[in-house]
Amino acid sequence: MVTAEEVPANPENVNFNYAYSAVLGAGYYTTPSGRVLVGSLPLSWSAPPFNERHRLKVLFPITGGIADVFNEEGEIEIKAQLLTLTFLPGLAWEYRPYDNWFLVPAIQAGVARDFQLDTNAWLYSISLRSYAWWDWGKQRFGLGNRLLGAGQRVESTTNNTGFALLESGVEWDHLLPWT
C-alpha cells in the first residue's frame, strides 16, 4: 500500500496499472511498457438458490488488454497484440434482505500477466455491493453502492500496492411508451 509519505510528486510514478482493470472495469490503463486498452468477459456461474433470499455465484472473469489504439498523431491504429491477460476467480454471495434490496459480498484472487515485460502480478479483492430500488407507477428510483478493497504484488519486485474505494450511484428510470 502506498502511504501519503511515499506518494511521488509525479503521479505517473505510482504503479497503479492494468492489473486493477479486473476489479475496476474496462478502459485505458498504464503498464511500465505503455498504455493498454482493456476489455473484460465477466464469466460466472450461479448455483441453485439456497432459498428465495440466498444464492452463491462462482466468478471467472477474464480481462485482456491490447496495445494503445492511438498512435503518436492521435489517429486510431489497432494493433492485434495481446499485452495483458488477467484471471481473477472468486465467490460472491447474493443476499436479498428485502424484495427490493440486494447485498453482494465477494472475494477474488488471481493473477495478471504482462506479456511484453514477461511479469506476473498477483491480485486480490474483497467487496460489498448494495443495490436498492423503489417503484412508483412507471418510475423507478435506485441507489447503488460498492465498498471495494484490492491489492497487488508484482513478482520479482517489492512492488506491493493496494487501494480502497467507495462508489455510490443514483438511478432514475422512466418507462417510455415506445416498444
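Everything quoted here is computed from the prediction, not taken from an experiment.
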Student: According to a hydrophobic-cluster definition based on side-chain heavy atoms being under 4.5 Å apart (Ile, Leu, Val, Met, Phe, Trp, Tyr only), do Trp45 and Leu41 belong together?
Tutor: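 Both belong to a single hydrophobic cluster.
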Student: Hey, could you give me each pair passing salt bridge (charged side-chain N to carboxylate O under 4.0 Å, His left out) that has a residue in residues 120-135? Not counting sequence neighbours.
Tutor: Asp135-Arg140
Student: Minimum heavy-atom separation for Leu123 and Ala22, please, with both atom names.
Tutor: CD2-CB, 4.2 Å
Student: In Å and rounded to the nearest 0.5 Å, what is the CD1 to CG distance from Ile66 to Leu37?
Tutor: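 Output value for this atom pair is 5.0 Å.
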Student: So, Thr84 side chain and Gly65 main chain: donor-acceptor pair closer than 3.5 Å or not?
Tutor: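 At least one qualifying donor-acceptor pair exists.
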Student: Filter on salt bridge (charged side-chain N to carboxylate O under 4.0 Å, His left out), then keep only pairs touching residues 85-98, sequence neighbours left out; what's left?
Tutor: Lys57-Glu94
Student: Quick check: closest heavy atoms across Leu83 and Gln116, and the distance to 0.1 Å?
Tutor: CD2-OE1, 3.7 Å
Student: Can you classify the ring geometry of Phe50 versus His54 as parallel (below 30°), tilted (30 to 60°) or perpendicular (above 60°)?
Tutor: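 Rings of Phe50 and His54: tilted, as their planes differ by 30° to 60°.
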Student: Side-chain contact test, heavy atoms from C-beta onward, threshold under 4.5 Å: evaluate it for Leu24 versus Leu165 and give yes or no.
Tutor: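 Contact flag for Leu24/Leu165 side chains = yes.
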Student: For Phe102, what residues pass the ring-ring contact (aromatic ring centres under 6.0 Å, His included) criterion, not counting sequence neighbours?
Tutor: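 Phe102 satisfies ring-ring contact (aromatic ring centres under 6.0 Å, His included) with Trp133 once adjacent residues are dropped.
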Student: May I ask you to test the Asp99-Arg53 pair for a side-chain heavy-atom distance under 4.5 Å?
Tutor: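 Yes, close enough: below the 4.5 Å cut-off.
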Student: Taking the side chain as every heavy atom from C-beta outward, state whether Tyr95 and Val104 have any atom pair closer than 4.5 Å.
Tutor: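 Result no, sub-4.5 Å side-chain heavy-atom pair not found.
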Student: Can you confirm whether Leu59 sits close enough to Leu91 that some side-chain heavy atom of one is under 4.5 Å from a side-chain heavy atom of the other?
Tutor: no
Student: Dump the intermediate steps for side-chain contact (heavy atoms from CB on, under 4.5 Å) on Arg113 and Asn120, then the final yes or no.
Tutor: CA-CA 5 Å; Arg113 176 83 174 155; Asn120 292 328; 2.7 Å; yes
Student: Please list, chain by chain and in numerical order, all residues satisfying side-chain contact (heavy atoms from CB on, under 4.5 Å) with Phe141, sequence neighbours excluded.
Tutor: Trp134, Trp136, Val170
Student: Compare every heavy atom of Ser40 with every heavy atom of Thr63, then report the nearest pair and how far apart it is.
Tutor: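 In terms of heavy atoms, the two residues are closest at OG1-OG, 3.5 Å.
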Student: Who passes side-chain hydrogen bond (donor to acceptor under 3.5 Å, both in side chains) against Asp173, sequence neighbours left out?
Tutor: none
Student: Does a side chain donor of either Asn145 or Ser130 reach within less than 3.5 Å of an acceptor in the other side chain?
Tutor: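 Side-chain D/A pair, Asn145 to Ser130: absent.
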Student: How about Trp122 and Gln152: does a side-chain donor come under 3.5 Å of a side-chain acceptor?
Tutor: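 The criterion, which ignores hydrogens and geometry beyond distance, is not satisfied for Gln152 and Trp122.
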Student: Going hydrophobic residue to hydrophobic residue with side-chain gaps under 4.5 angstrom, can you get from Leu82 over to Phe87?
Tutor: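 Same cluster.
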Student: Could you tell me if the side chain of Ser125 sits less than 4.5 Å from the side chain of Leu148, heavy atoms only?
Tutor: yes
Student: Determine whether Leu103 and Pro97 make a side-chain contact, defined as any pair of heavy atoms from C-beta on separated by less than 4.5 Å.
Tutor: yes
Student: Could you tell me whether the side chains of Thr161 and Tyr20 share a donor-acceptor contact shorter than 3.5 Å?
Tutor: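 The answer is yes; a qualifying pair exists.
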Student: Does a side chain donor of either Glu171 or Tyr131 reach within less than 3.5 Å of an acceptor in the other side chain?
Tutor: yes
Student: For the residue pair Asn160 / Arg153, report whether a side-chain donor-acceptor contact shorter than 3.5 Å exists.
Tutor: no
Student: Would you confirm whether Gln108, through its side chain, and Leu88, through its main-chain N or O, come within 3.5 Å as a donor-acceptor pair?
Tutor: yes
Student: Which atom names give the shortest non-hydrogen contact between Trp101 and Ala132, and what distance separates them?
Tutor: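 Residues Trp101 and Ala132, closest heavy atoms: CD1-CB, 3.8 Å.
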Student: Do you know which two heavy atoms are closest between Gly39 and Ala26, and how far apart they sit?
Tutor: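 Nearest heavy atoms, Gly39 then Ala26: CA-CB, 4.1 Å.
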Student: Is any side-chain heavy atom of Ile107 closer than 4.5 Å to one of Trp93?
Tutor: no
Student: Pairs in or reaching into residues 81-93: which pass salt bridge (charged side-chain N to carboxylate O under 4.0 Å, His left out), with residues at least two apart or in two chains?
Tutor: none
Student: In Å and rounded to the nearest 0.5 Å, what is the OH to OG distance from Tyr28 to Ser21?
Tutor: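 These two atoms lie 14.0 Å from each other.
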Student: Report the C-alpha separation of Leu85 and Ile62 in whole Å, then their side-chain angles, then the decisive distance to 0.1 Å, and conclude whether the side-chain contact (heavy atoms from CB on, under 4.5 Å) test is met.
Tutor: CA-CA 7 Å; Leu85 191 62; Ile62 299 170; 3.9 Å; yes
